[in-house]
Structure formats: C-alpha cells, structure tokens
There are 4 protein chains.
Amino acid sequence: MKRICVLTSGGDAPGMNAAIRAVTRKGIRTGMEVYGIGHGYKGLIEGDIRLMNIAHVGDIIHRGGTVLKTARCEEFKTDKGIDKAVENINKAKLDSIIAIGGDGTLKGALELVKRGINVQFIPATIDNDLGYCAYSIGFDTAVNTVVNAANGIRETGMSHDKTTIIEVMGRNCGDIALMSGLAGGADAVLIPEVKSDIAKIIDKIKEGISRQKKNSIIIRAEGADISTEELTEEIKMGIGEDVRTVILGYLQRGGSPTALDRNMATLMGSEAVRLISEDKPSTAIGFDGQKVTLVDLKIADNIENKVRADLLELVMTLA
Amino acid sequence: MKRICVLTSGGDAPGMNAAIRAVTRKGIRTGMEVYGIGHGYKGLIEGDIRLMNIAHVGDIIHRGGTVLKTARCEEFKTDKGIDKAVENINKAKLDSIIAIGGDGTLKGALELVKRGINVQFIPATIDNDLGYCAYSIGFDTAVNTVVNAANGIRETGMSHDKTTIIEVMGRNCGDIALMSGLAGGADAVLIPEVKSDIAKIIDKIKEGISRQKKNSIIIRAEGADISTEELTEEIKMGIGEDVRTVILGYLQRGGSPTALDRNMATLMGSEAVRLISEDKPSTAIGFDGQKVTLVDLKIADNIENKVRADLLELVMTLA
Amino acid sequence: MKRICVLTSGGDAPGMNAAIRAVTRKGIRTGMEVYGIGHGYKGLIEGDIRLMNIAHVGDIIHRGGTVLKTARCEEFKTDKGIDKAVENINKAKLDSIIAIGGDGTLKGALELVKRGINVQFIPATIDNDLGYCAYSIGFDTAVNTVVNAANGIRETGMSHDKTTIIEVMGRNCGDIALMSGLAGGADAVLIPEVKSDIAKIIDKIKEGISRQKKNSIIIRAEGADISTEELTEEIKMGIGEDVRTVILGYLQRGGSPTALDRNMATLMGSEAVRLISEDKPSTAIGFDGQKVTLVDLKIADNIENKVRADLLELVMTLA
Amino acid sequence: MKRICVLTSGGDAPGMNAAIRAVTRKGIRTGMEVYGIGHGYKGLIEGDIRLMNIAHVGDIIHRGGTVLKTARCEEFKTDKGIDKAVENINKAKLDSIIAIGGDGTLKGALELVKRGINVQFIPATIDNDLGYCAYSIGFDTAVNTVVNAANGIRETGMSHDKTTIIEVMGRNCGDIALMSGLAGGADAVLIPEVKSDIAKIIDKIKEGISRQKKNSIIIRAEGADISTEELTEEIKMGIGEDVRTVILGYLQRGGSPTALDRNMATLMGSEAVRLISEDKPSTAIGFDGQKVTLVDLKIADNIENKVRADLLELVMTLA
C-alpha cells in the first residue's frame, strides 16, 4: 500500500481545498494511505503529519483558503531545514509528496527531488506567475473578485464623474491586472513586465472625458514601474480632476473558488494520484485551459512566464 | 398639474436609483410632471434640469450609484449659491423638490425650506448617520458588502493563522463597523462614538489564539480614536505576531442594492410623491425597519444619532 | 449552573446558525451549560442531546442551513411524542429550551409550555408568516435570493422579448413574493391573501409592450389562487405571446445569510439567554426591524399575520 | 471604408455583450462602419439595421443577455427567408457579417456563406455543444450559476438529511451537468451522451448514507435518458427516503458574465474584426482555453462535439 502526503505552501489560493479533496479521496479509493501536512513545508519540518480520511475533506470543495493551512517558511530555504523535512518524510515512510503552491513551493519541491524524494507539484497561486503552465489554481477566482469589485467601483465612480485607480496583486506578474482589466472594461492597465506610458493613459482618459465618459478605471499591478501614489498624482495633474484610489489587498485571496478553479484543481489532484500509482517520476502538473499537462519537475522552474503584452493595447482600443 | 423635481446629492448610495424610479413613475402616473436634476445641488445652481419619462428610469432599480449623478457642492453652502438655486426652481415653476442624500443634503434642504421652497427629503447614505431615522438607503447594502469581504478575508486569514484588521467607512458614525462586525463574526469593533480599549482587544485575540483560533478579525471604522496604522502596530506588539490590514475604501459604495435598500427607497420615494400631491409641508421621510416615518424637515437635523454601543460588548462575547 | 438546550425545527432558514452560535457562546460565557438537540423536536423525543462548546459553533455564522439539523416531526404532534420529549428534558435536567423555527415549531413550543417546560422561541422561517413579529430569520436572505434570480431572468427575458412568471415559496403568506416583487421591479405579484385579477395583469403587460417593454416579470407565490400552469396559459392567451416559467423551489432556502438575518438571529439568540438567566417565563422573541421584541409565548400563536396588500398596487404603479 | 454588421441569434448567453462591444469599438477604431442587427437573423430578414457608435456599447460588458436582442427564426431556415436576408445585406452594402450564437446560428451562417456572403462566426451558447471549439461564450457563467445554486441547495439538503436532484440545461450536450457536477461536488451526474446506470447511483448514495452523508446531490442534464420524474421515483424507492427536486431552468441563462466569458468574447470579437480587415474568408472563430482558434466556417459544423465521459467516473470517485 502506497503512503502519500499532501501539503499546501506559500500564499493560499481559492481552489486549494478542491485539490486536497481530490488527492485525499482518489488516493484512499485507489488503495493508498493519505496523510495531510499542516502549514506546508513548515509542517514537514516540524512533523505536523496526520492521517486523512474521506470525511476530512467533506464539505470543503466550495471553501476558499486551505484546510491544511499554509505558511511561508524561511527554514525550508536552508539545507538544515530541508534535511529535517526529508528525515520526517522517511520516518513516516511516505512514498511521495504532493505539493500545492506557487513559485516558492516549486523551488522547495525541487530541493526535495534533489534529495531523492518523489514530488508531484500542483500549481496554485492567484498571481499565475508560473511559466510552465497556462493556469494556476486561484487565478480565475482572483480575477473574478477583482472584476466584481471593479463593477461596483465603476458605478460609484460614474455617479461622481471620477476616475479611479485600482491596485491589484502581482509583484512580478501582470496577469491579474491584465485579465481583470480586459474583463472589467478598464481604460488602461499597468503591469510589471511593460514600461508604463503615463502620457498615453492620460490622453485616453481625456478622450473619454471628451465624450462624456468621466469614470475611467485604471488597473495597476502592485509591481508596475510607478507607484499607486505617483500614478494618482500624475493622472490628477494630467487631467486636472480629482482621482480616487482603491487598494484591494487581501480581499483578492478570499472567496469561494470559481467552477474553473475547482475543476482544474480536481483534475490536477486526481492526476497527481495517478502519477504516483503508476510510479512516475516527479512532475510539475499543469492545466492548459482544457486538460492537464505534464512537465518534468526538474525543469519546470526554468520555463519563463510570458505575459500577453498585446492585450494592454487591446484594453485601450476597446475602452 | 404639479411639477416636481428629484435630485441626489453628496456621496452616492446603492438604492438611490430605486428612489428615483419610484418618484418618477409614481409622479407621472399620478399626473405630475417630473424633472430630474443632474449632479445634485450643483445642477440646481447650474440649471441642469431635464424632463423625465417612464422609460428613463427603466432597468435601473438593480443598479448601484445614481443615474442622476451626484456631487459635493461648496457653492451651495453660500447664500449666493442657494439663491441661484431658488431662482432656477422658481424659473422652472417647480412646486416641490425631492432631495435624496445624507447629512449635508439635509442641511441644504433646510436652507431651501427657509427660503420658502417645499422640500421632501429622503435619507440615503451608507454611513447611516442621520439621527432622525433608523435606516438610510445604502446602509444595508454597504454592510453586506463588508460582510462578504470579511468572509473572504477570514478564509485567507485562517489559512495563514493571521489576525486581520479591516478598515471600513464611518467618519462620525460606527454603524457600518458595528453591524458588519456583528454579522461577520468579528472579534472586536472600533467606532468613533466609543473610546477604544486596545488592551481588551489584545486579550480577546490572545484568548482566541489559546483555543487555536488564530484568525481574528478586527473591524475599525475610519473615525475611530486610533488610526489603522497605530492599531496594527499595537496589536502586532501585543500578540507578538504579524497582523494584516485591508482598507475597503470605495468598494463599500458600489454593488447592486439589497432588497431592503430597494424596498425602503421605493416606499420612501412613493411617500414623497404622496406628500406633495396632498400639499404637505416639507418633511424628512424615514424608515424604521418596516414602514415609512415622517418628521418635520425643520427639526430633522437636530435629532442626534444614537449608536448601539452595547453591541460592541456583544461582538466580543460571541467571538 | 443553568442547563439550557437549543434546537432548530421545521424548514431550515439561513441565519439559524447565527442564532445557534449566539445562544451557545452567550450561554457558556454567562456560566450556563448549553446542549444542542439534533433534528429538532424529533431529537428531543429520541434523546439526541449533545453538550456544546465554544468551538462547536465556530465558523458557522456565514453558513446557510442549520448545523443542528432539522426535521418535520409528526410524532411531536401526538401526546405520546410530546410526553416522551418532556421526559427527556427532565431526565437531562434542562432548565429551559430555546426553540428556533416557524409556525409549527411555535405550536410545538406551546405544547411544551403547557406541560410546564420553559421555552424561549426564536422565529426562523423564510416565509415570514408568524403574526406576532415583523421579521423572521431567513426571510431577508430568501427575498434577496429571489431578487438576484429575477435580475438574471430579466436579462435573458429582455434579450428574447419574453414575459416570465417566477413561482416563489409562500403557501399561506405572500411576503416573499411581495417584497421580492417590489425590489425586483416585477410588473405584478400574486399572493395567497388577495384574490388575483388576471385581466388587470394582462393589461399591465400589454401596456408595457405598447411602450417596447416586452420582458415583464410576474411573481407568483405558490399559494396564490391560480396555479402557475393556469396563470401561464391565461397570460399566454391574453397577450398573444409565448410566456416563460421558472419555479425557484429549494433554491430559496439556501445561501449564506444576509447581514440582517445574521444580526437579527444574533440579537434574538442573545436575548433568549438573557431571559433564561433572569428566570423569565416562556417568551416568543421577535424583531421589529431594529430591535428585539417580546410576546408571551402562550398568546403568540393567536396573533394574525398581516400582509401589506397595498404594495400589490404599488408594484403595478411603478412597473 | 469597410461596412460590417454584428448580430446575436438563438438562445442568449452571458458574454454576448462583451463580444458586441469588442466588435463595435475595434471596428470603429480601425476605420470601419459598424452596424447592429436587432433580433438576429430575424432582423436581417426584416431589415432591422442600425448604425452603431462607441457610446452604444458603453456600460454593457458586465451585463447578461444581449443588447442587440436575439430570436429563434423559422423563416431563416427557408430559402425565401435567407434570400431576403442576402438582399438586405447587399442593399446595405455590408462587406461582412459577424454572427454570434450557437449551433443553429452556425448553420444559418453557412447558408449565407453558400450565397456568397462573408461571415465571421463567434460561438456563444451556454450548452457548449459546438464541436469545433472547446469553449463557447456563456458556458463558464452558466456552470458557475449552477454551482452556486448547488451550494445553497446542498446546505438546505444537509440540514434535512435529504438527497436532491438538480435538473440543468443540456438537451444534447452534458457539459453543463458534467462541469458543474465536478465543481459542485455532486455524487453523480447524468448526461445525454452516456447511458445512465441508476443502480450504481443508488449504491453511491447509500454508501454516503452509511457514512452519515445524507445530502447527496445528483445533477441531471435535461437530455439524459431518464426523466427527472422517473429518476426521482427510482432513487426514492432505491434508498427508501424522500428525494427533493429542483429544476433550474432559465435561471441558467442569466447573470453577469464571468471574467473568462467576457475575455473570451472580447478576444474573439476583436479577432473577427481583424479577419475582416485582412479580407480573410468566412471563419468559425473559437477559443481553446487560452487563445483564439480558427476553423474554415464551411467545415465547422461537421466537427463532432466530444464529451469527457471519463469525468462521470471521477465525480463518483470523489464524492
């Protein structure tokens, strides 16, 4: 009988619970023993390991966050920490680890793989900044959360004839900003990957004002090359009107996962169990919009993330 | 044939459109001519007056904001501004004004009344800070918006074992904080009307941590006696853990109005038209939770707003 | 030390969990032992009694349904059943019962009171058909659920120029239909308490069509004097166009409770504990829109429910 | 200057408005004249053609349904009807038609193509039953609507220990049922493409009951090989308990489109304009989950739709 464990690490993302449910139930029902690790790699170091059963993952598919809890773990970036984790894995006689998380979690997984541990990796980060796969768990939910917030903000902005800047998450990756800007009918989007052209944005807002559209929405990823404060100041001066600012913050992590995030998580969780049952090597599992994709975990971190910079232009064309 | 006009002034509030719809349609269907003023008192000064018809208010009952637009108007605080408005009212031969807004709008209405204009006032402010009535349009929607945000924030906080401080609107009035704190299962609430007891809040959070509840939620009205930054710092030191902060901001003004806000707005809008058709004097219309209430507009502004400070204690008892 | 128990009976209603939480936590924190009964009166008969602690009611305030579960119980309508319940109450040495539910639950509570049991009753029914109080837990949520559904249905109806009939809950009471009709901008509402005037409804729809509004919404309470099938047929013939029908059904019971339902439930749950701690007699607790109200439980069931039939006319005036 | 027109035909789908907005604005801003046809092919026959401007499609991206309205049109299935449409297209000197809709709309488009008209086709149907592309506009929104409804239904079912059957749309295609079943944590799903195994479903429900999970959810596409009534009856007998039924109906067409549906619609609308500007032949545009895909319109209707029948098994494994 195979013994596997599942953990969530790094920032939480809506849909992680659907992946935990899929791993646990498919694992148990295909004859495995499934263990849950509390608080990600931190729990692996501290030996926070519990046996899971079918009921443990009941009634969680619709819940945001992660029932296994998560943490950022500095100790796991040290050899000592990782060695301690490997020791615990071996002590618990675990055949394989299913690690769910983002970029940092993938890096941690690679360290385990280097030490001979079999790891199946499932991408979960609202930032969607993993280069080896098109979608990560939580991204679709986060985009919808931003779009819904933008809807409400647009209505109050329209009532007052105000331009509003919305700051969204994305330190290195503009995907949330880009996709929520496109879906929210924003007038411009600023992302870390592309140099911002403030003059062009001001012209766009002015063009809107000239046709009586006085409630422009600008979406700025937190990693863009101009701060929210500076951007606000420049636009204020540029258009000669007051400008509102909203920083969405942790709001973007919450919320019941969308159907897509749940289904992607379910399919990838199920695939992870299949890979283990068939004794496959460590894999970075992905989702391309329709189906599960597989990449050797050892090279997954080297694949650069691409942003669809052409969409920045489309946002402006359509606003 | 009576000629009436409707305007929305001050901060927008979800449900204003339902009131505009009720005034317009009931007015027209009981034989009145109904005019809409753009941008509140500012439009009254500038003569931004348009004739409304049944179709103008179609498909707006579910929309946040106000289709008549609103503004804050410094000029209307001067005699010159008010006189200009009165002149426009007389020029347009308007028998009565229906003014929809908050505290500032009520004060403006009183100035018009002093100059012999008949004004029916409908309370609409998410802050719910009008003393003469229990509910104002937009408050229920804003509270639900905060509660939904708090739900999501709680899930991510739980995943990371983090305490989170949520800053909500309310410069002078703690109602949004209090009612969303009670409904959101917050651990403590800070409001402008009551001196904050930070030591007690820290004890409460620690008590939670001692029974493994590590994701406390603290809701702070923006007018509370300690800033969000200071509060964050003090709690961080008090509990010896990192603390998250979310400032909801303009998000709280947006969103499709709840059924209660729509119905209250509809009943009050309908009542305003009835009062005019029966040649009643200027009235501050209100809603007590079930039915419309009436107060002489001249004294409405003198009635002090009360906060249910006993609920602060209940929040902590139940957390 | 007082020993109290809490149960939910009859149809579930969103917000019941907030009441259970308030009773449990306030009870324990004011020095009581709190027991939960599973499946309402059925559990009382079967002795399904468990001791509650603070953690049992954590993370439930936002959840629909009832964690104590509920049931309709025929046996509790017989002397034998009630006597068995009384026996269990006495065996468990319970000082007081807090019963949460609708009309049937109130009747059951009265039977217990007649046998000398102290009962504090909290109204929870989406139908809002209890005469002694203005609001019951779950009603506000159900109305908002219907209004949101109606929003979506209106959009598809508008795209196809179709009239749609929406059947909502309410066998004896038209409150859901009335309040969701008013808030949803329905063109007409049919309720059990008032004889339907189909010809007038058809005229109203035709009037809309004549001004290019071809997507009328008619809301019919299930207890209205004409069935959904007949109504559909008559309107179809009357307007000479196809008519759509949607039966919302159990959808109306679900959903996360609104802030109002949670707060009302919390205040009433808290009040129930206070009444017991002060040795008050059996009481039917209510909520009038702002604050808790109290009625002698023995007479609560005799107070007739009133419907605001004047609103039927207002719905049509404003559509 | 190119003259193009856009129409929506067949059943409406959330996201159609985002496509109309993209076509209109990108068309105008790349130097085209854009016309909108009312009520789909019916409007083409009747000459219901209007010139569009930038403002016409403002504030519609978030709205369900279609501002151009839609219809099912029997006349367009006749040569006479199609010839009349072609005549109107030529009279209006339209260079190209952008047709947005489902299977019937695609068939209609093919007839126009056969008569020498250039047509760019954009898939929009909540059923997702077009074989040539993976996603159609509206599908993601519909699945999320069903999943949200299922969440609420699950809570009330859990409170009463009841199994519930939810009937969803899908006469020929089980995609809504399958994807919402997977995301909603359903216990079984019945779809038109696969023979139903009622005995297996009953065993699954019983297995749940044996471990105290008494609120199973069964999702049945309307085109499955056993009716909702029969299914209810068989399950009722099989498990020896009462079973609830909910028919979601037109509710599934409504609702603000999800970010994915808006973005897909926007990208495809934008692509349609590009194809026309580059004088490309008639194309069936699609979306594969990430990016736009192109298929010769003449063969698009011959590509068979595939259902992921393996997911039926996964639903049961994970429930």
Side-chain angles (χ1 to χ4, degrees), chain C residues 8-14 16-17 38-40 42 60 62-72 124 126 138 141-142 145-146 148-162 164-167 212 214-215 217 242 244-257, chain D residues 8-14 16-17 38-40 42 60 62-72 124 126 138 141-142 145-146 148-162 164-167 212 214-215 217 242 244-257:
Chain C
T8 50
S9 192
D12 62 311
M16 280 180 159
N17 283 329
H39 298 93
K42 187 159 162 278
I60 68 166
H62 62 290
R63 308 196 70 176
T66 160
V67 294
L68 290 178
K69 299 206 173 181
T70 182
R72 302 190 190 275
I126 63 167
T141 304
T145 300
V146 173
N148 288 336
N151 270 359
I153 289 165
R154 176 183 294 281
E155 283 175 338
T156 174
M158 190 165 58
S159 301
H160 285 271
D161 287 342
K162 296 279 189 216
T164 308
I165 295 167
I166 304 178
E167 182 187 305
Q212 298 305 310
K214 298 175 177 173
N215 61 325
I217 298 277
D242 207 25
R244 292 175 164 188
T245 309
V246 179
I247 299 173
L248 292 182
Y250 287 108
L251 195 76
Q252 295 162 83
R253 287 206 184 286
S256 184
Chain D
T8 50
S9 190
D12 62 312
M16 280 179 159
N17 283 328
H39 298 93
K42 187 160 161 277
I60 68 167
H62 62 289
R63 309 197 69 175
T66 160
V67 294
L68 289 178
K69 300 208 171 178
T70 182
R72 301 189 191 274
I126 64 167
T141 304
T145 300
V146 172
N148 288 336
N151 271 359
I153 290 165
R154 176 182 294 282
E155 282 175 339
T156 175
M158 191 165 59
S159 301
H160 286 271
D161 288 343
K162 296 280 188 213
T164 308
I165 296 167
I166 304 177
E167 182 187 305
Q212 299 304 309
K214 297 174 178 174
N215 61 325
I217 298 278
D242 206 26
R244 292 174 165 190
T245 310
V246 179
I247 300 173
L248 292 182
Y250 288 108
L251 195 76
Q252 296 163 80
R253 287 207 184 282
S256 183

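Convention: sequence-line order gives letters A, B, ...; per-chain numbering from 1.
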Determine whether a donor-acceptor pair (N or O, by modelled atom type, separation under 3.5 Å) exists between the side chain of D:Ser159 and the backbone of C:Thr66. yes
Among D:Ala13, D:Ala150, D:Gly65, D:Gly64, which residue has the highest count of heavy-atom pairs closer than 4.5 Å to chain C? D:Gly64
For C:Thr245, is it the side chain, the backbone, both, or neither that has a heavy atom closer than 4.5 Å to a heavy atom of chain D? backbone
Would you mind checking which part of C:Arg63 comes under 4.5 Å of any heavy atom in chain D, side chain (CB onward), backbone (N, CA, C, O), both or neither? both
All heavy atoms of D:Lys69 vs all of C:Met158, minimum pair found to be CE-O, 3.4 Å
Listing, residues 248-255 of chain D side-chain donor-acceptor contacts under 3.5 Å, not counting sequence neighbours, or none:
from: D:Gln252; atom 1: OE1; to: D:Met169; atom 2: N; distance (Å): 2.8
from: D:Gln252; atom 1: NE2; to: D:Gly249; atom 2: O; distance (Å): 3.0
from: D:Arg253; atom 1: NH1; to: D:Asp12; atom 2: O; distance (Å): 3.0

Below 4.5 Å from any heavy atom of chain C, which atoms of D:Thr8 appear? Answer side chain, backbone, both or neither. neither
Interface moiety of D:Asp161 toward chain C, non-hydrogen atoms closer than 4.5 Å: side chain
According to salt bridge (Lys or Arg N to Asp or Glu O under 4.0 Å), who are the partners of C:Arg244, at least two apart in sequence or on a separate chain? none
